[in-house]
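Every heavy atom of this structure was used, including side-chain atoms; hydrogens, water molecules and symmetry mates were not.
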Amino acid sequence: SRIRAPYKADYKRDLVQVKGGVSDFYIIGEIDYKPLRKFQKGSKKHKDLFKPVPIGFKMSKCRKNNL
């Protein structure tokens, strides 16, 4: 299992990675989503940080309002 982030740089993409194991356990990771949301909204400020949005991407109204 892993938590992946849409960063352009390879080394930044895996925020958390879990390998192997027999017992159940929890791992919590944090993602700073505000710069990502601003980028997805159309800001060119973070274009060097994140991968491009998919063709036809439209942000939902509830996410736009939470910025």
Side-chain angles (χ1 to χ4, degrees):
S1 285
R2 59 180 76 192
I3 297 176
R4 303 264 303 169
Y7 289 112
K8 198 179 267 190
D10 292 346
Y11 66 92
K12 288 186 173 183
R13 288 187 194 147
D14 282 337
L15 295 177
V16 174
Q17 184 174 356
V18 180
K19 294 183 179 181
V22 176
S23 300
D24 291 337
F25 52 91
Y26 296 95
I27 295 179
I28 299 172
E30 290 185 6
I31 298 173
D32 186 14
Y33 65 90
K34 288 184 181 182
L36 175 62
R37 293 288 179 252
K38 288 179 183 175
F39 170 75
Q40 290 173 335
K41 194 173 181 181
S43 170
K44 305 295 182 207
K45 184 177 180 183
H46 299 289
K47 71 178 182 175
D48 58 332
L49 190 61
F50 298 107
K51 295 166 68 175
V53 296
I55 295 171
F57 175 82
K58 293 180 182 176
M59 185 183 288
S60 69
K61 289 180 182 178
C62 66
R63 287 187 176 166
K64 279 183 185 179
N65 296 335
N66 288 331
L67 284 177

**Rounded distance (nearest 0.5 Å) linking atom NZ of Lys51 with atom CZ of Phe39** = 11.0 Å

**Request:** Flag the pair Leu49 / Lys12 as yes when at least one side-chain heavy-atom distance between them is below 4.5 Å, and no otherwise.
**Result:** yes

**Fill in**
On a heavy-atom basis, the closest approach of Lys8 and Phe50 is CE-O, 3.6 Å

**Message:** For the backbone of Val18 and the side chain of Arg2, can you confirm whether one donor and one acceptor N or O come within less than 3.5 Å of each other?
**Reply:** no

**Complete:** The side-chain hydrogen bond (donor to acceptor under 3.5 Å, both in side chains) partners of Asp32 (sequence neighbours excluded) come to none

**Asked** Minimum heavy-atom separation for Leu36 to Pro6, with atom names?
**Response** CD1-CG, 3.7 Å

**Request:** Check the pair Arg4, Leu15 against side-chain contact (heavy atoms from CB on, under 4.5 Å), reporting the backbone distance first and the verdict last.
**Result:** CA-CA 6 Å; Arg4 303 264 303 169; Leu15 295 177; over 6 Å; no

**Message:** Can you list everything that forms a side chain to side chain contact (heavy atoms under 4.5 Å, CB included) with Tyr11? Sequence neighbours excluded, please.
**Reply:** Ala9

**Prompt:** Is the backbone N or O of Tyr7 less than 3.5 Å from a side-chain atom of Arg13, with the two atoms forming a donor-acceptor pair by type?
**Reply:** yes

